[in-house]
Amino acid sequence: MFYNCMHFERATFWLPWKFRKEKASLKNAIGYLRGIVRSHLQQRFEAITKGADNKDDLLSYIIKANSYTSELGLEDLVDDFFTFLIAGMETTAITMSCLIWEVIKNQDIHTKLKEEIDAVYAGRDNLEYDDLPSLVYTEQLIKETLRLTKPHRASSG
């Protein structure tokens with residue numbers, strides 16, 4: 001369990017009188033991260049308002065949608081940012097773990113995947129964006145992993 005890795009007892013971590021030092025450190029770290037995100041969001045909001053930001057990403061759409069209402073404040077946007085960040089990392093990590101597990105369990109899959117990757121790399125150190133369509137078997141493995149082991153089921157306990 002994650003809590004055991006951090007040397008916290010799951011049942012007692014949330015008790016107010018337990019782990020005060022660790023909780024204070026965690027609270028400071030969260031405050032620091034929120035400050036960085038808040039500053040970035042404020043800069044992007046100001047750039048979008050002035051028409052100086054022409055990025056076509058999810059954050060731009062959220063900020064633009066928020067400019068039409070006064071119901072959501074900057075702190076709401078910070079909360080949304082962390083929700084997307086954490087949810088994205090968790091589901092990706094779960095998917096990759098399941099994919100690696102399947103590759104380890106099945107030697108035929110491992111061999112075919114290695115052959116495809118070796119052929120696409122062709123002695124180079126890095127892949128290019130244009131190489132991705134050549135990784136057909138890799139894409140099939142990822143899609144099959146998502147079909148068989150949906151990340152939201154694995155993370156919901």
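For the pair Asn28 (side chain) and Ser25 (backbone), a donor-acceptor distance under 3.5 Å is absent. The closest donor-acceptor contact from the side chain of Asp118 to the backbone of Glu115 lies at 3.5 Å or more, if one exists at all.
In this structure, Thr95 and Thr145 approach most closely via the heavy-atom pair O-CG2, 3.6 Å. Among all heavy-atom pairs drawn from Glu116 and Thr138, the shortest one is OE1-OG1, 2.7 Å.
Taken from NE2 in His110 to CG in Leu113, the straight-line distance is 7.5 Å, to the nearest 0.5 Å.
Tracing side-chain contacts under 4.5 Å through hydrophobic residues (I, L, V, M, F, W, Y), one reaches Leu132 starting from Leu146; they form part of the same cluster. Residues Leu85 and Leu33 share a single hydrophobic cluster, defined by chaining ILVMFWY side chains whose heavy atoms lie under 4.5 Å apart.
Between Glu75 and Arg38, some side-chain heavy-atom pair lies under the 4.5 Å cut-off. Residues Leu135 and Leu127 meet the side-chain proximity criterion, which asks for heavy atoms closer than 4.5 Å. Side-chain contact between Val120 and Glu128 is absent, with no heavy atoms from C-beta onward closer than 4.5 Å. A heavy-atom distance below 4.5 Å is found between the side chains of Ile109 and Tyr137. Contact annotation: the side chain of Arg44 approaches that of Lys55 to within less than 4.5 Å [non-hydrogen atoms, C-beta and beyond]. Counting heavy atoms from C-beta outward, Glu102 and Leu141 have side chains that stay 4.5 Å or more apart. Side chains of Phe45 and Leu41 form no contact here, defined as non-hydrogen atoms less than 4.5 Å apart.
A salt bridge between Glu46 and Lys50 is absent, with no side-chain N of the basic residue lying under 4.0 Å from a carboxylate O of the acidic one.
Ser60 and Asp57 share a side-chain donor-acceptor pair at under 3.5 Å.
The environment of CZ in Phe82 is crowded: more than 12 heavy-atom neighbours from other residues, nucleotides or ligands sit within 6.0 Å.
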